[in-house]
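By convention in this document, chain letters (A, B, ...) are assigned in the order of the sequence lines, proteins followed by strands, and residues within each chain are numbered from 1. These numbers come from the heavy atoms of this one structure, side chains and all, not from hydrogens, waters or symmetry mates. On a predicted model such as this, the values are computed, not experimentally measured, just so you know.
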Amino acid sequence: MYQIRRGVFETNSSSSHSITIDRDKDNLTDFPKGQFIRNYPTLKVPGVSGVSGVSGVLEMRGGEFGWGVEDFNDFETKFQYLVTHIFRNCTSESEVLSRMEDSEQFLMLKTVIKKTCDLEITPPEPSAYGKTYVGPVGYIDHQSVGTAFQVFISKEILKNYLFNKNSILFIDNDNY
Amino acid sequence: MRGSIEIQPVIKQLREYTNGNYTVKIYEDGTKIRENNKDYFDPEVPESLDVKITNKCDLLCAWCHECSTPYGKHCDPDTLLNKLSTLPRGVEIAIGGGNPFEHPDLSYILACLKHFGLICNITFNERHFEQYSCLIQRFIDEKLIYGYGISCNRSFSQNLHEIIHEHCSSDRACVIPHLIAGINTNRDIERAITIYGKCLILGFKQYGRGSAIYSSDYSIREQITATKEHLAKLLQMGIVSFDNLAIGQLDVKNHLTDKQWSEMYMGDDGDYSIYYNAVKDYFKKNSIASQNIKATDAVKAFKNIGTIK
């Protein structure tokens with residue numbers, strides 16, 4: 001059983017804060033297992049219905065980072081940024097699968113996501129290569145490659161980067 | 001081209017303790033989580049106590065259910081500390097009055113409760129803020145108080161937030177405005193949520209002086225109805241808390257799914273929280289319950305209240 005009172009101390013002078021309603025769930029300090037999908041109904045997770053899913057998978061797609069001037073605080077973009085960082089030099093499916101086994105950063109990412117929201121990270125289907133951003137077409141600008149290292153200092157920092165909407169990924173350029 | 005990442009500080013856990021068959025975790029922003037692998041919670045001790053330490057207050061609010069006056073008495077600090085000394089570390093104490101700052105031993109009481117490992121919060125009227133701002137600053141600095149409930153008046157002060165920031169380094173304090181259904185208007189509630197991002201809506205208590213004004217001032221009923229009809233919009237604006245009285249008066253449950261209700265409803269008065277009138281030294285399930293309980297400490301009082309429910 002799980003119950004939460006969000007963001008307030010008990011200050012009532014006569015009876016308790018009996019219910020606290022926060023429509024904006026993005027600033028949660030923790031997620032009960034299986035409730036992640038419900039808290040992120042817009043997350044596009046293949047094979048899992050938006051509201052009732054209690055377990056599922058999170059597909060690596062990567063992305064192209066480094067051309068625009070944008071800020072991101074949503075989970076999915078921040079996740080795909082790390083995927084692109086970890087797999088940026090892979091040129092084949094076998095390399096992706098191998099790195100999923102060997103990369104300490106990927107193992108930390110996998111552990112934090114599994115523990116926090118009970119999702120498994122899966123590689124793209126083989127047929128998706130060339131259509132997705134993972135692998136040879138994934139892109140992080142060369143000046144930004146080191147940026148992602150700081151979030152892997154600890155699991156706590158990684159979790160806060162991914163799930164706290166106030167943790168922001170800034171993509172900028174120096175063409176001005 | 002370049003990228004950068006800005007990571008917000010992690011919300012730290014203040015306390016964790018076992019209470020019967022479940023664990024309670026409290027975070028520094030006030031978030032509280034109950035969790036176990038069963039389908040029910042069976043507490044052995046109260047998770048929070050609302051403690052009245054004085055009946056002295058100079059405001060004489062017409063709706064005060066505590067009937068506080070400028071001549072009200074204070075509690076005996078040692079009796080209070082003795083009653084609360086058996087609580088486990090992590091239990092929350094909501095200090096109130098009267099005006100709690102009137103109590104001459106407030107600092108001593110807070111220091112002792114901190115030594116017990118209890119998490120103290122305090123509620124006072126916004127009109128007392130400037131007068132006691134130095135004391136509040138010291139409480140923040142010394143971590144004697146975590147949560148600050150500020151009772152907002154009928155004419156809710158828009159400047160209060162600025163005054164708080166001017167007088168206090170409130171980044172470490174968790175401030176929540178208290179508003180009363182029937183007294184504060186929808187506009188007051190909207191302003192409070194806009195400024196603080198959150199608010200606590202209390203039900204109107206037909207108790208103490210509140211009983212007389214409810215009978216004579218029909219606008220209170222009209223305002224409760226207006227807030228009830230406006231609730232859907234208010235819930236979209238930020239974090240909104242309710243006490244059990246407000247839940248009933250405003251039909252809060254109608255705005256939630258069964259799943260949301262089961263996750264967010266923290267229980268009836270007396271299930272996890274009790275009230276302690278330290279001025280008269282008795283316990284009740286809440287401040288307006290009819291039955292007083294005399295007990296040697298808060299844990300025993302909680303068990304007694306459980307048996308008479």
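- Between N36(B) and M1(A) there is a side-chain heavy-atom pair separated by less than 4.5 Å.
- Between E263(B) and Q3(A) there is no side-chain heavy-atom pair separated by less than 4.5 Å.
- For F124(B), the ring-ring contact (aromatic ring centres under 6.0 Å, His included) test picks out F101(B), with sequence neighbours left out.
- Checked by atom type and distance alone, the side chain of R5(A) pairs as donor or acceptor with a backbone atom of G30(B) at under 3.5 Å.
- Qualifying side-chain hydrogen bond (donor to acceptor under 3.5 Å, both in side chains) partners for Y276(B), counting only residues two or more places apart in sequence or in other chains: D281(B).
- In this structure, chain A has a heavy atom under 4.5 Å from the side chain of K198(B), while its backbone stays farther away.
- Interface remark: S151(B) contributes no atoms to any contact with chain A (heavy atom separation under 4.5 Å).
- Only the side chain of L14(B) has a heavy atom closer than 4.5 Å to any heavy atom of chain A.
- More than 12 non-hydrogen atoms from other residues, nucleotides or ligands lie less than 6.0 angstrom from CG of D42(B).
- For I201(B), no part lies near chain A; criterion is any non-hydrogen pair under 4.5 Å.
- Residue I274(B) does not touch chain A at all, counting heavy-atom pairs closer than 4.5 Å.
- Here the side chains of R34(B) and Y2(A) are not in contact, with every heavy-atom distance at 4.5 Å or above.
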